[in-house]
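Worksheet: the structure to be examined is printed underneath.
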Amino acid sequence: MSSTTRLQGQQGLTSEAPAVGRLISHVTKSDRFASISVIVVVIGFMSVGLLLRARDSSSTWLYSNRQAGIEARYPAEWLVDEQGDYVARMRDPVARPFKTQVLIDTVPAADNTSVRNILDSLTLQRSAELSAYRVLAVRDSTLAGVLVTEMDFAFVDTDPDPFVQRVPVVVEGLDIVIIDNTRVIVLTYMADTETFEDEFDTFLDIFASLSY
Amino acid sequence: MGCRSTLILKALQGLATMPAMSKQHQTCLVCGERLEEPHVYGDRLYCETHLSQFSDDLAALWQTGLLILLSLAVLVGTIAIANAVAPNPSGPTRLLANALVIGLPSIGWLILITQRLDGEDGAAPSLVSALFVLGSLMAAAVVRPLTNEILALGGRLAATSPANRFVANVLILGMLHAFVLYGIVRYSVWRTTSFSLRVHGVLYASAAGLGYAATQVGLFALERGGLSMLSGGLTLLTRALPFATASLIVGYFLGINRFENQPFYYLPSGVALAGAVCGVLLYAGTELNNIRLNITTDGFSPWPGFVVNVLALTIAFGAVYGLLQRQNTITKARLRLRG
């Protein structure tokens with residue numbers, strides 16, 4: 001086809017099918033093989049990448065704080081920060097709308113400090129800071145083979161930015177209080193109600209790996 | 001015996017029809033016209049016109065590309081001045097500024113190139129625009145949901161180690177982006193009459209790549225409610241450049257393979273190379289921006305990633321241009337020798 005015919009075709013001047021983008025079925029065996037090879041190669045590379053990612057997802061990292069004398073293993077994909085009024089906070093950065101998190105904190109304890117004192121103190125503090133904070137239950141239980149005191153609570157998480165349009169989220173939490181000589185270690189697990197149960201095993205793994 | 005004679009008869013009939021069949025398949029690779037006297041180059045059949053044309057250059061493509069590359073410098077200068085005048089614009093102004101940063105190079109390229117294509121070069125401006133839109137749609141409807149929702153890579157990459165980020169960028173994201181860019185051209189325009197020059201590979205892949213890049217970074221900015229003028233603007237450009245670079249490489253390999261029969265591993269190698277480059281640049285574009293301010297403090301600067309990605313794009317542009325020129329010169333010399 002000459003370029004003139006091609007141009008005429010483009011302008012619709014001939015009765016033939018327009019030349020623009022006309023499919024020419026001219027594919028050799030090598031072309032077909034190359035076409036399949038591209039798909040195979042890309043799937044192969046991506047599979048290797050996804051396998052490595054899966055291995056990374058199931059791995060854990062060690063958090064160690066020599067000053068507080070606390071070590072714990074947390075999921076490799078979670079983030080740790082020590083910026084707040086706690087020893088450490090481990091958060092799942094992709095959790096939405098509320099970031100699933102585990103807080104580790106220590107409180108000095110006198111001889112007469114009871115677990116109840118610590119829980120009451122937490123309740124007073126959170127009642128002032130968190131919306132609709134409610135204590136749901138307090139009980140002694142055995143968790144990962146350790147005798148602990150647990151406190152279930154819930155609150156409503158709202159975005160502090162008034163221009164962000166987001167439905168407030170109900171967050172469930174669990175405090176675990178461990179008395180360790182002259183201090184009390186408080187481990188707090190928080191997640192939105194939808195994911196609380198799903199991520200509870202992750203919290204148990206962190207708790208089981210906790211050494212102090 | 002009777003059965004054997006029937007088989008022999010069928011075989012003879014087959015032999016008799018073979019020339020007719022092969023003649024039926026002797027059509028020009030580009031225009032599909034039946035060829036009485038086919039010309040063969042690189043194990044492909046051509047009519048006389050397209051044999052002499054397919055190695056032609058498309059000066060408009062390189063000139064437009066160079067102009068857009070140079071305009072990046074002007075754009076960055078303008079962003080810097082705008083940042084000095086209004087460092088913290090409000091939401092809508094931010095989005096408008098982001099839209100200009102994204103739109104000027106990509107849509108500017110599209111407008112310029114479609115204006116300069118005149119039809120004599122075999123490329124259809126409408127197809128160039130269509131591929132730009134197709135690239136854009138693929139990014140919005142397929143790739144972003146896949147990477148952000150299904151594979152949930154965004155947050156996970158931020159939370160993992162730099163080595164894992166590098167591997168994920170190259171093996172997952174880079175390969176995916178390169179394959180999508182390859183697929184857009186390979187399964188749409190590659191086998192059509194409008195792909196009549198080697199250099200059309202780069203033309204169509206660039207169109208798809210720029211549409212793809214503009215949408216990727218546009219949605220990135222929208223999800224964050226607009227980015228800041230200087231850091232945000234440079235981040236958007238930095239994130240768009242790996243797609244443009246990958247599209248140049250994919251286009252080069254598609255252009256070469258279209259007009260010459262290549263070994264089966266040629267195209268996979270090209271896509272893998274484009275994917276690796278795209279992945280490395282995506283990684284560099286974010287990782288290099290985390291700079292050390294002093295021994296104890298880290299900071300952020302949008303410049304290192306931007307500079308590296310611009311350099312990579314410039315090198316890729318120069319390499320693809322040089323290699324295509326070389327291939328075309330060799331082809332023309334061979335054809336001249338053949339007479």
Side-chain angles (χ1 to χ4, degrees), chain A residues 1-11 17-53 55-57 59 61 74-80 91-96 99 161 163-164, chain B residues 25 27-33 43-45 47 49-50 53 91 119-120 122 124 126-127 130 151-156 158-161 164 167-168 170-176 178-179 182-183 186-189 191-194 196 257 261-272 275:
Chain A
M1 189 180 285
S2 68
S3 65
T4 317
T5 321
R6 194 170 58 228
L7 273 174
Q8 285 174 337
Q10 284 175 12
Q11 291 158 5
V20 175
R22 185 158 62 89
L23 187 70
I24 303 297
S25 183
H26 204 299
V27 180
T28 64
K29 200 178 278 182
S30 172
D31 289 336
R32 285 199 195 94
F33 200 37
S35 191
I36 294 165
S37 303
V38 170
I39 296 169
V40 171
V41 165
V42 170
I43 289 175
F45 277 125
M46 286 186 67
S47 301
V48 172
L50 289 170
L51 280 173
L52 290 172
R53 190 184 74 101
R55 200 186 64 171
D56 181 47
S57 305
S59 63
W61 286 358
Y74 64 97
E77 294 185 326
W78 283 32
L79 298 174
V80 178
R91 288 199 297 176
D92 180 3
V94 295
R96 296 282 187 280
K99 292 197 193 315
D161 185 347
F163 297 103
V164 173
Chain B
H25 283 85
T27 53
C28 173
L29 169 82
V30 179
C31 62
E33 272 194 354
D43 280 347
R44 309 252 194 211
L45 301 179
C47 67
T49 313
H50 287 116
Q53 277 183 355
E120 285 294 332
S126 57
L127 269 180
L151 298 176
L153 284 173
R156 302 223 179 268
T160 191
S161 65
N164 284 331
V167 169
V170 172
L171 291 181
I172 304 175
L173 287 176
M175 291 301 154
L176 178 66
F179 177 70
Y182 154 85
R186 172 66 181 78
Y187 298 108
S188 64
V189 76
R191 282 167 57 197
T192 67
T193 49
S194 294
S196 57
N257 201 44
N261 216 9
Q262 297 288 348
F264 77 92
Y265 53 81
Y266 185 80
L267 265 185
S269 309
V271 175

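Lettering follows sequence order; numbering is per chain, from 1.
Looking only at atom types and distance, the side chain of B:Tyr187 has a donor-acceptor partner in the side chain of A:Ser35 under 3.5 Å away.
Between chain B and the options A:Ser47, A:Gly44, A:Gly49, the largest number of non-hydrogen pairs under 4.5 Å is found for A:Gly49. Taking B:Leu267, B:Val170, B:Ile172, B:Asn164 one by one and counting their heavy-atom pairs under 4.5 Å with chain A, the maximum is reached by B:Ile172. Ranked by heavy-atom pairs under 4.5 Å with chain A, the first of B:Leu151, B:Asn257, B:Val167 is B:Leu151.
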Quiz item: What do the steps show when you test A:Ile36 against B:Phe264 for side-chain contact (heavy atoms from CB on, under 4.5 Å), and what is the final call?
Solution: CA-CA 9 Å; A:Ile36 294 165; B:Phe264 77 92; over 6 Å; no

Self-check item: A:Met46 vs B:Leu176, side-chain contact (heavy atoms from CB on, under 4.5 Å): CA-CA, chis, key distance, verdict
Solution: CA-CA 8 Å; A:Met46 286 186 67; B:Leu176 178 66; 4.0 Å; yes

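With a threshold of 4.5 angstrom between heavy atoms, B:Leu173 does not approach chain A through any atom at all. Both the backbone and the side chain of A:Ile39 come within contact range of chain B, judged by heavy atoms closer than 4.5 Å. Residue A:Val41 touches chain B through its side chain alone, counting heavy-atom pairs closer than 4.5 Å. Only the side chain of B:Tyr182 comes within contact range of chain A, with heavy atoms under 4.5 Å apart.
For the side-chain contact (heavy atoms from CB on, under 4.5 Å) criterion with A:Val48, the lone passing option out of A:Leu52, A:Leu50, A:Leu51 is A:Leu52.
The 12-atom threshold is not exceeded at CZ of A:Phe33, counting heavy atoms of other residues, nucleotides or ligands nearer than 6.0 Å.
For the atom pair CH2 (A:Trp78) and NZ (A:Lys99), the distance works out to 12.0 Å, reported to the nearest 0.5 Å.
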